[in-house]
Every structure is written in structure tokens, then in C-alpha cells.
Amino acid sequence: MAEARDVIIKPVISEKSYADAERGKYTFVVRDEATKIEVRRAVEEIWGVHVKKVNTIARRGKAVRRRFTKGKRSDSHRAIVTLAEGEKIAIFEGG
């Protein structure tokens with residue numbers, strides 16, 4: 001089992017993730033091998049909140065054009081974490 005800070009790489013900062021944060025759902029980029037149980041334990045350990053549900057998504061990188069060649073953005077593994085009613089994570093609240 002990996003350390004909590006090794007499981008979660010970074011939070012996803014976007015309009016959609018901020019809108020979900022108001023409803024108690026937070027999105028993180030996580031390690032490719034991370035399981036839902038590891039993500040749950042990491043979030044609870046780092047922020048001291050109670051996790052209600054974890055959904056994971058394996059996202060393939062988009063094909064992009066780079067001047068004269070074709071390239072590809074890197075693949076990512078994301079986790080959408082739903083917290084118990086009334087709990088929040090401070091990094092998404094600006095504090």
C-alpha cells in the first residue's frame with residue numbers, strides 16, 4: 001500500500017470541478033495503479049474528512065497536432081470523491 005500523499009497527485013482545477021465542489025464532490029488526479037480503497041484512505045488521512053463514495057476514471061490522452069507532426073497528451077487516472085453531508089476540503093474553498 002502506498003503512502004497517502006503518493007496516491008493523490010493533484011486536484012483538478014476547472015469550472016466543472018468547482019461546480020461539483022459546491023455539491024460535495026471533489027476531483028483529483030491519482031496514481032494509475034490507485035484503487036478506490038486507497039483513494040478513500042488517502043483523502044480521509046490528508047484532509048480529515050469522511051468519504052461517502054469514490055468513482056474512478058481512466059482518461060486516454062487526446063490526439064493533438066503539433067506543427068508538422070501528430071502527438072498525444074498523456075493519459076491520466078482521476079478520482080471523483082463524494083464527501084459526507086456538510087464536509088468540505090479547504091483547497092477548493094480558497095482557504
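Counting begins at 1 with the first residue of the sequence.
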Intermediate values then yes/no, side chain to side chain contact (heavy atoms under 4.5 Å, CB included), I13 and Y18: CA-CA 7 Å; I13 308 298; Y18 274 106; 3.6 Å; yes
Minimum heavy-atom distance K52-R40, with the two atoms named: O-NH2, 3.6 Å
Distance (rounded to the nearest 0.5 Å) between E45 CD and E38 CD: 12.0 Å
I57 with F28, same ILVMFWY side-chain cluster at under 4.5 Å: no
Nearest-0.5 Å distance that lies between atom CZ in R41 and atom OG1 in T35: 7.5 Å
Side-chain touch K88/W47, heavy atoms, less than 4.5 angstrom: no
A42 versus V7, closest heavy-atom pair with distance: CB-CB, 4.1 Å
List, one per line, each side-chain donor-acceptor pair under 3.5 Å for residues 73-83, sequence neighbours excluded.
unit_1 : atom_1 : unit_2 : atom_2 : d
D75    : OD1    : G61    : N      : 2.7
D75    : OD1    : K72    : NZ     : 2.8
H77    : ND1    : R31    : O      : 3.1
H77    : ND1    : D32    : O      : 3.2

Nearest-0.5 Å distance that lies between atom NZ in K53 and atom NZ in K36: 9.0 Å
Side-chain donor or acceptor of S17 paired with backbone N/O of V12 under 3.5 Å: yes
E15 CD: over 12 foreign heavy atoms closer than 6.0 Å: no
